[in-house]
Asks: 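Below is the structure I would like to discuss, written out as C-alpha cells.
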Amino acid sequence: MNKRRSRLAIVIDILETLMQGDINPTKLATIVNMPYDRLSSLLKELNEKGLVKITTVGKNKYVGITIKGVEVYKELKKVKELLESYGLI
C-alpha cells in the first residue's frame with residue numbers, strides 16, 4: 001500500500017528540485033511526481049508567499065527558487081531530518 005506524501009514532503013521536494021536551477025513547470029511535475037494541475041496551484045501559492053518566482057520567456061514558463069525560498073528550504077530540511085531522527089515521520 002502506498003503512503004501519501006505529506007504537504008511538507010511535497011514542498012521540500014519542489015524546493016529541493018528548484019535548488020538545481022529554474023525549470024519548466026511540466027518537467028517539475030514529472031520530477032516531483034505529481035499531477036500538473038495540483039502542482040500549478042501549489043506553485044501559485046508558493047509564488048504568492050515569495051518562495052518561488054514564475055517567469056515567462058516567450059511562450060515558455062519557468063519556475064525558480066527565491067532567496068526566501070532557499071532559506072525556508074534549509075529550515076524545512078532541518079525540521080524533516082529532526083522528525084525522521086525521532087521516527088515521527
Side-chain angles (χ1 to χ4, degrees):
M1 188 168 175
N2 290 338
K3 186 177 177 185
R4 285 185 60 169
R5 287 184 296 171
S6 68
R7 184 173 170 90
L8 171 66
I10 293 169
V11 170
I12 290 172
D13 287 348
I14 291 169
L15 296 178
E16 185 170 52
T17 302
L18 295 176
M19 291 286 287
Q20 299 171 21
D22 293 5
I23 190 169
N24 175 284
T26 304
K27 187 170 183 178
L28 179 60
T30 302
I31 292 170
V32 299
N33 193 29
M34 66 184 302
Y36 179 82
D37 60 332
R38 285 189 49 223
L39 175 68
S40 183
S41 63
L42 185 52
L43 287 176
K44 182 180 176 188
E45 183 180 344
L46 294 174
N47 185 53
E48 290 169 356
K49 295 180 186 313
L51 302 180
V52 302
K53 62 184 182 323
I54 300 171
T55 55
T56 304
V57 179
K59 294 182 180 181
N60 301 313
K61 278 189 179 179
Y62 294 94
V63 183
I65 193 166
T66 63
I67 293 171
K68 183 178 177 182
V70 171
E71 294 169 0
V72 168
Y73 166 71
K74 289 177 181 177
E75 294 301 317
L76 287 176
K77 191 169 179 184
K78 286 179 193 175
V79 169
K80 182 182 176 195
E81 289 170 358
L82 179 64
L83 292 172
E84 287 173 342
S85 72
Y86 284 99
L88 297 173
I89 60 171

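Only this structure's heavy atoms are used, side chains among them; waters, hydrogens and symmetry mates stay out.
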Asks: Checking side chain to side chain contact (heavy atoms under 4.5 Å, CB included) for the pair Ile23/Ile31: CA distance, chi angles, key distance, verdict?
Replies: CA-CA 10 Å; Ile23 190 169; Ile31 292 170; 3.4 Å; yes
Asks: Would a 4.5 Å heavy-atom cut-off, applied to side chains only, mark Leu39 and Ile14 as touching?
Replies: yes
Asks: What's the spacing between Glu45 CD and Glu48 CD if we round to 0.5 Å?
Replies: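 Here the interatomic distance stands at 7.5 Å.
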Asks: State yes or no: do Val52 and Leu8 share one hydrophobic cluster built from I, L, V, M, F, W and Y residues joined by side-chain heavy-atom distances below 4.5 Å, directly or via other members?
Replies: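 Same hydrophobic cluster.
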Asks: Starting from the C-alpha separation in whole Å, work towards a yes-or-no answer on salt bridge (Lys or Arg N to Asp or Glu O under 4.0 Å) for Lys80 and Glu16.
Replies: CA-CA 13 Å; Lys80 182 182 176 195; Glu16 185 170 52; over 6 Å; no
Asks: Crowded around Lys61 NZ? As in, over 12 foreign heavy atoms under 6.0 Å?
Replies: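 Incorrect, the count does not exceed 12.
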Asks: Using every non-hydrogen atom in the two residues, find where Asp22 and Gly64 come nearest and quote the distance to one decimal.
Replies: OD1-CA, 3.2 Å
Asks: Decide side chain to side chain contact (heavy atoms under 4.5 Å, CB included) for Tyr73 and Ile12; before the verdict, give the C-alpha distance in whole Å, the side-chain angles of both, and the deciding distance to 0.1 Å.
Replies: CA-CA 6 Å; Tyr73 166 71; Ile12 290 172; 4.1 Å; yes
Asks: List the steps and the verdict of salt bridge (Lys or Arg N to Asp or Glu O under 4.0 Å) for Lys78 and Glu75.
Replies: CA-CA 5 Å; Lys78 286 179 193 175; Glu75 294 301 317; 3.6 Å; yes
Asks: Just one of Leu15, Leu18, Ile65 clears the side-chain contact (heavy atoms from CB on, under 4.5 Å) bar with Val70, so which one?
Replies: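 Running side-chain contact (heavy atoms from CB on, under 4.5 Å) over Leu15, Leu18, Ile65 with Val70 returns exactly one hit, Ile65.
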Asks: For residues Ile10 and Arg38, determine if any side-chain heavy atom of one lies less than 4.5 Å from a side-chain heavy atom of the other.
Replies: yes
Asks: Give a yes or no on whether the backbone of Asp37 and the side-chain of Ser40 come within a donor-acceptor separation of less than 3.5 Å.
Replies: no
Asks: Nearest 0.5 Å, please: how far is OH in Tyr36 from CG in Leu28?
Replies: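 Going from the CG atom of Leu28 to the OH atom of Tyr36 covers 10.0 Å.
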Asks: Measuring only between side-chain heavy atoms, which start at C-beta, is Leu46 closer than 4.5 Å to Val63?
Replies: no
Asks: Let me confirm one number: the NZ-NZ distance from Lys53 to Lys68, rounded to the nearest 0.5 Å.
Replies: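 One finds 15.0 Å between NZ of Lys53 and NZ of Lys68.
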Asks: Nearest 0.5 Å please: distance from the CG atom of Asp13 over to the OG1 atom of Thr17.
Replies: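 It comes to 6.5 Å.
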Asks: Is the shortest heavy-atom distance from the side chain of Val72 to the side chain of Lys49 under 4.5 Å?
Replies: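 Heavy-atom side-chain distance check fails, nothing below 4.5 Å.
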Asks: More than 12 non-hydrogen atoms from neighbouring residues, nucleotides or ligands closer than 6.0 Å to CG on Leu88, yes or no?
Replies: yes
Asks: About how many Å separate CG of Leu42 and CE of Met34, when rounded to the nearest 0.5 Å?
Replies: 5.5 Å
Asks: Test of understanding: clusters of I, L, V, M, F, W, Y form through side-chain heavy atoms closer than 4.5 Å, transitively. Do Leu82 and Leu76 belong to the same one?
Replies: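 Each belongs to a different hydrophobic cluster.
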